[in-house]
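One structure is given here, and the rest of the page talks about it.
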Amino acid sequence: MKRIFIFIFLISTVSTLFSQPKKVEAQMIEKKLFGKLADGREVYEYTLSNTNGVKAKIINYGATVVSLEVPDRNGKFSDVVLGYDNIEGYVADKSYFGAIIGRYGNRIGKGKFKLDGKEYQLSINNGENQLHGGTEGFNKKLWTVDATDESNLGPSITLSYVSKDGEEGYPGTVKLTVNYQLTNLNELKINYTGTTDKTTILNPTHHSYFNLTGDPNKTILDEELWIDADKFTPVDKGLITTGELADVKGTPMDFRKPIKVGARINDDYEQLKLGRGYDHNFVLNKHQELIPKVASVYDSSSGRFIEMWTDQPGVQFYTGNFLNGKVKGKNGIMYQQRTGLCLEAQHFPDSPNKPNFPSVVLKPGQVYRQSTIYKFSVK
Ligand code: BGC
């Protein structure tokens, strides 16, 4: 008996001596010049690193996530978002890579809406419609960095932008504040608050294109998607919502059980033809103050897994259908169609013109709030 104990003691001592202690990284925030705008204003990149070595790089132009390095199941880190190597790329960008979108995520039909009996005409930048806040939306603005913070939960950065009354045709001066926190649980948490001095509409979102393989030469078609939505909002040929809430049941829009993004994307289904793939708002089954889990994406080749939580009523699922191999992204890669997917937490597209959709109106004295979380892990 004694011998057995000595043997166990020796084995455990030897294995403790030789086992590699799990390396704990220091959490930190580093700031460096990213580039200069044509008028000389400086754009800075903030690298948030958590205790697991995960890194999120954010620039104050567009409050944009320019890189997000997360490990695969073997511990190999790769950048899982599309973007550009330099500021010139972001200034010329028409794909909204990684940016905060405002004032209004997605389309407003003919760029028109009525508020308190008055009609507003917004700038038009997508056929006859407005997309993602207009010609120079929040993604094309230099934001103010209000604070950086290293709490025990993980590093964070707070940015804000003040949009003047009349900008892109919208009423009221709006202040939007966005806090990105990279937690030590490998979550990218995005918290928004917004205020206005006149009644207006506000519906910001975040526009990262994820490619969990870590290799943007590959498409996202083999990644498995789950969305907790029984309904979606069908669109017309200009991709404006028709006002209908349609059942996903029995259609290629049904992601209530995880299924490969590419499994049905080329089906003979009108909505997919109109969007050239998925480019649709899903009506989330749960949305409330206690932020529910609403979607996930899994890449079996790398093991990478994203889970998404949001308190918003909808998520726009977009499969990068308009990427066409003509845009030169990071490391000189020409991004081809469907090499990134977006899950944009939002109110439904064209809500200001659809009385049956949840309201996007913000009044003086009210505070707009949104919380959205993308959590990265492996399976
Ligand atoms: C929209 C697409 C649009 C894309 C811009 C998405 O949020 O739904 O229709 O082309 O953003 O890159």
Side-chain angles (χ1 to χ4, degrees), residues 62-66 81-84 89-111 123-140 190 203-211 216 219-220 225 227 229 232-242 253 261 265 270-283 295 297 308 310 312-329 334-351 354 357 360 370 372 374:
T64 304
V65 173
V66 298
V81 292
L82 306 190
Y84 306 96
Y90 288 97
V91 171
D93 168 76
K94 291 197 166 62
S95 306
Y96 304 85
F97 288 147
I100 294 291
I101 308 296
R103 293 187 195 189
Y104 199 93
N106 215 278
R107 291 177 179 78
I108 296 182
K110 300 198 170 65
S123 60
I124 300 298
N125 64 335
N126 187 252
E128 55 176 13
N129 305 314
Q130 187 188 81
L131 174 66
H132 292 333
T135 353
E136 278 217 357
F138 292 7
N139 59 309
K140 296 286 184 218
I190 315 175
N203 178 35
T205 189
H206 174 73
H207 212 288
S208 274
Y209 287 63
F210 299 105
N211 184 322
T219 71
I220 44 77
L225 176 74
I227 307 181
F232 75 105
T233 51
V235 290
D236 65 14
K237 59 180 187 335
L239 299 185
I240 298 297
T241 48
T242 60
M253 314 306 276
V261 169
I265 201 167
E270 197 203 5
Q271 284 295 315
L272 287 174
K273 296 218 159 111
L274 291 171
R276 300 198 201 175
Y278 294 100
D279 191 353
H280 295 85
N281 170 70
F282 286 76
V283 178
V297 190
M308 177 183 183
T310 189
Q312 294 300 288
V315 163
Q316 183 83 11
F317 170 48
Y318 173 58
T319 41
N321 310 312
F322 295 109
L323 300 176
N324 57 8
K326 291 191 182 141
V327 170
K328 192 193 260 183
M334 307 301 286
Y335 294 137
Q336 303 292 334
Q337 199 189 32
R338 299 177 182 160
T339 51
L341 66 83
C342 304
L343 288 167
E344 305 154 54
Q346 60 180 19
H347 273 64
F348 309 166
D350 203 31
S351 293
K354 303 279 154 45
F357 287 179
V360 288
Q370 178 189 152
T372 295
Y374 301 97

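Model, not experiment: these values are computed from the prediction. We count ligands from 1, going down the list as the structure has it; atoms in each ligand are counted the same way.
The nearest heavy-atom contact from the protein to atom 5 (C) of ligand 1 is Tyr96 CD1, 3.6 Å. Residue, atom and distance of the protein heavy atom nearest to atom 4 (C) of ligand 1 are Tyr318 CE2, 3.7 Å. Summary of contacts: the protein heavy atom closest to atom 10 (O) of ligand 1 is Phe322 CD1, 3.1 Å. Protein heavy atom in closest approach to atom 12 (O) of ligand 1: Tyr209 OH, 2.8 Å.
A 6.0 Å sphere centred on NZ of Lys110 holds no more than 12 heavy atoms belonging to other residues, nucleotides or ligands.
The side-chain heavy atoms of Leu323 and Phe97, taken from C-beta on, include a pair separated by under 4.5 Å.
Ligand 1 has no atom lying under 4.0 Å from any heavy atom of Cys342.
Heavy-atom contacts of Asn106 reach the following atoms of ligand 1: 1 (C), 8 (O) (cutoff under 4.0 Å). Against a heavy-atom cut-off of under 4.0 Å, Ser95 is close to the following atoms of ligand 1: 12 (O). Ligand 1 places these atoms under 4.0 Å from at least one heavy atom of Glu344: 6 (C), 7 (O). Taking a cut-off of under 4.0 Å to the non-hydrogen atoms of Gln316, the atoms of ligand 1 that pass are 8 (O).
Residue Asn321 does not touch ligand 1, judged by heavy-atom distances below 4.0 Å. At a 4.0 Å heavy-atom cut-off, ligand 1 does not touch Phe317 at all.
Checking side-chain atoms of Gln337 against main-chain N and O of Gly325 turns up no donor-acceptor pair under 3.5 Å. Between the side chain of Thr205 and the backbone N or O of Ala345, at least one donor-acceptor pair lies under 3.5 Å.
When only modelled atom types and interatomic distance are considered, Thr339 and Asn211 share no side-chain donor-acceptor pair under 3.5 Å.
Taking the centre of each ring, Phe317 and Phe232 stay at or above the 6.0 Å mark.
With values rounded to the nearest 0.5 angstrom, Thr233 atom OG1 is found 10.0 Å from Asp350 atom CG. Expressed to the nearest 0.5 Å, how far OH of Tyr318 lies from CG of Leu239 amounts to 9.5 Å.
Between atom 2 (C) of ligand 1 and the options Leu323, Asp279, Val235, the minimum heavy-atom separation is to Asp279.
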